[in-house]
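Proteins get letters first, then strands, A, B, ... in listed order; numbering begins at 1 in each.
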There are 2 protein chains.
Amino acid sequence: MVVDSGRAGQGVARPPAPTLEEVAARAGVSRSTASRAINGGLRVSPEALASVEAAVADLGYSPNRAARSLVTKRTDSIALVVPEPDERVLSDPFFAGTLNGLSSALADTDIQVVLVIARPGENERSVRYLRNGHVDGAILVSHHRDDALERAMLQARVPTVFVGRPLSGADDVQYVDTDNVEGGRLATQHLLDRGCRRVATIAGPLDMSAGIDRLTGWRTAVTAAGLAADAVVHGDFTIASGAEAARQLITEFPDVDGVFIASDLMAAGAINVLTELGRDIPGDIAVVGYDNLGVAASTTPPLTTVVQPVVAMARAAGARLLDLLADGDSLPGEPLIFAPELVIRASA
Amino acid sequence: MVVDSGRAGQGVARPPAPTLEEVAARAGVSRSTASRAINGGLRVSPEALASVEAAVADLGYSPNRAARSLVTKRTDSIALVVPEPDERVLSDPFFAGTLNGLSSALADTDIQVVLVIARPGENERSVRYLRNGHVDGAILVSHHRDDALERAMLQARVPTVFVGRPLSGADDVQYVDTDNVEGGRLATQHLLDRGCRRVATIAGPLDMSAGIDRLTGWRTAVTAAGLAADAVVHGDFTIASGAEAARQLITEFPDVDGVFIASDLMAAGAINVLTELGRDIPGDIAVVGYDNLGVAASTTPPLTTVVQPVVAMARAAGARLLDLLADGDSLPGEPLIFAPELVIRASA
DNA sequence: TTGTAGGCGTTATCAC
DNA sequence: GTGATAACGCCTACAA
């Protein structure tokens, strides 16, 4: 006679989760009535509803998502797809903000967020996972480069909303972004307004829309002011690259008196180098960053920067995805663009 | 006659994912054989295996997790539980590192990570979700306070590994941590070694084990040196609180010549204030931080700090959870403790 | 309003 | 080694 059964490899067996059947039994109704009571309570008598709800509470019942998903064809989960797991992406506060906004958009939903970290090599696996109905939709942080993932997602017909304009640039792509061109222009104009005559930029990588657009904004402003738009150095949005770029900048363009740096992280690195090289900020060189992440307030001197409302963007992306999931036929994919805003601190 | 069917609210209908049935048909075998071929290929003839694999590749098949989960009682997903969604937690690079390490631990598994962000009020929902078999296990970033979640998880019998020692302090809790007492001691000893005679600390909150332990480490070192352990000010690990605490510190203990600050973020805020108040670092006051997150290298002056190997910790936590899932009967929950390490930069 | 009767896609248990 | 067949827990016509 078997006594010690159910040791399924978990140290101690946990009691099986209650099923709809048990709820129904306890409530004295049939499975179907219980099911209806749980899913909206339509076509259920008040008494039945009440007793089912009581049973649910008593038993601590929550529907088995697998079983439900099997029949409804929905998973009630969406993917947050993040390309490349290296320190760069994840430790970027941009990502944290995204998570924050997304989670708040989903707050009063029962939708779960599945984190899909797409490693360079194994995009295939990720794509297959995403396309085969394992999630209802996806948010893709396209903050970083135009990899195969973007294209794959689009043709997989999985409802997807990008945070940050994707470079693949299909026409009906859903995305949320800020106006990075305008942001870059704003920042640069501020430098010009305060009297800078030799304005450089430490630009982001050209395989990201944010990098491209902010550079364009800088060029627009500099050109409009009748100045030469030649003092350009590139970084990759990290602190280290900002430091390196600053060094290069000072070597190649020693007469620079103002610089627009395409991310706060790069600006933090650059400020250190500039200070080290004996340049006074903003006395000798005025500096404007981009993002308004935490680091901007803690540099010495504090960084004048352009706000990128990451949290709001992600929240909007989440909301848009929910719309898509509810009725995909409506909106023709008008992108949602947030306005950038200048925050003036001591560095410029 | 229905022509335009299957418009289930997705703009354009996507083709249904291929099923095992179809794979079997195309491979010329039965469902069972196809299933065995896919799950390990045991008890399958080489020919059958080959043709099934071919069919899988052709069709781009991937098993329906819901269906599988329904019968296996496993979900092949684990939860990453993060208390409180506010900026503080998510934008903390600590969290990013956790994600990074965890994802690398799961890299060659088919296990998905479900993000469970437990909002203050709705712990109930989270707990119910977690306990009812929706995930096979959980990683709980207990970095922040001892909330109900911790206890609930433990008694829910869901295999759980904490990152950072939980305060609930049951005996058989699985957790991964660094030796924060030793870390605090190391940092403080460094200040003493370089000649500081009035050593203060900006401690973390006392409702987190990291806050408590680092303070203990500081106290140990200061006391061992025969000095007074009375110069204590508290922050909550954020930049802003560090700035505030520094101000308070200078007011109450104007003769301080060295300070151990329990997080790099707080240290960044404090350094700004100290500099502002005209104190030279490290000339007037030497500063040591904790974490060795990105910000430590970018402060002015660069911050001497204690390394907390977050990524390695999270990776270890993931590995431990995997072990637990495989055979929970073995290890009696020996915590995994990483050794802290001092990184010397210019601030001390 | 309620209950009965499939069936969703997969794995597990058997005979073969 | 292989293939029927029975669950798994839920939703949803359909009939009552």
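OP1 or OP2 of C/dT1 has not a single side-chain nitrogen or oxygen of A/S45 nearer than 4.0 Å. Between B/K73 and C/dT11 there is no side-chain N or O to OP1 or OP2 distance below 4.0 Å. A close approach under 4.0 Å does not occur between any side-chain nitrogen or oxygen of B/T19 and OP1 or OP2 of C/dG9. Between A/N64 and the phosphate of D/dC8, there is no side-chain N or O to OP1/OP2 separation shorter than 4.0 Å.
Judged by distance alone, the side chain of A/D136 and the main-chain N or O of A/R74 form no donor-acceptor pair under 3.5 Å. For the pair A/N100 (side chain) and A/V311 (backbone), a donor-acceptor distance under 3.5 Å is absent.
Residue-to-nucleotide contacts include a donor-acceptor pair under 3.5 Å from the side chain of A/R36 to the base of C/dG3. Judged by atom type and distance alone, B/S32 reaches the base of D/dA4 through a side-chain donor-acceptor pair under 3.5 Å.
Rounding to whole angstrom units, CZ of residue A/R74 and P of C/dC8 are separated by 18 Å. To the nearest angstrom, P of D/dA15 lies 14 Å from CZ of A/R43. Here the C1' atom of nucleotide C/dT10 and the CG atom of A/N132 are 14 Å apart, to the nearest Å. Between A/Y61 atom OH and D/dG9 atom P there is a gap of 10 Å when expressed in whole angstrom units. For the pair A/N39 CG and D/dT12 P, the interatomic distance rounds to 7 Å; values are reported in whole Å. Atom CD of B/E21 and atom P of D/dG3 are 12 Å apart (whole Å). Distance CZ (B/R65) to C1' (D/dC10): 20 Å, rounded to an integer number of Å. We find that NE2 of A/H134 is positioned 9 Å from P of C/dT10, with the value rounded to whole Å.
A side-chain donor from one of A/S62 and B/H134 sits under 3.5 Å from a side-chain acceptor of the other.
Taking both residues in full, the closest heavy atoms of A/L324 and A/Q174 are given as CD1-NE2, 3.5 Å, listed atom of the first, atom of the second, then distance. Scanning all heavy atoms of the two residues, the minimum distance from A/V23 to A/A55 falls at O-CB, 3.7 Å.
No engagement by B/A66 is indicated, since no non-hydrogen atom pair under 4.0 Å with the nucleic acid exists. Within 4.0 Å (heavy atoms only), B/L20 reaches at least one base atom of the nucleic acid.
Of the two residues contacting DNA chain D, namely B/G28 and B/A67, the nearest-nucleotide position lying further toward the 5' end is that of B/G28. For the pair B/E47 and A/V71, nearest-nucleotide mapping onto DNA chain D gives the more 5' position to B/E47.
The side chain of B/R31 lies closest to D/dA6 when the candidates are D/dA6, C/dT1, D/dG1. Closest to the B/T72 side chain, of the nucleotides C/dT11, D/dG9, D/dC11, is C/dT11. Checked against D/dC10, C/dT10, C/dT2, the side chain of B/R68 finds its nearest nucleotide in C/dT10. Distances from the side chain of A/S35 to the nucleotides C/dG3, D/dT2, D/dT12 place D/dT12 closest.
The side chain to side chain contact (heavy atoms under 4.5 Å, CB included) with B/L115 is formed by just one residue from the set A/V114, A/L102, A/L99; it is A/L99.
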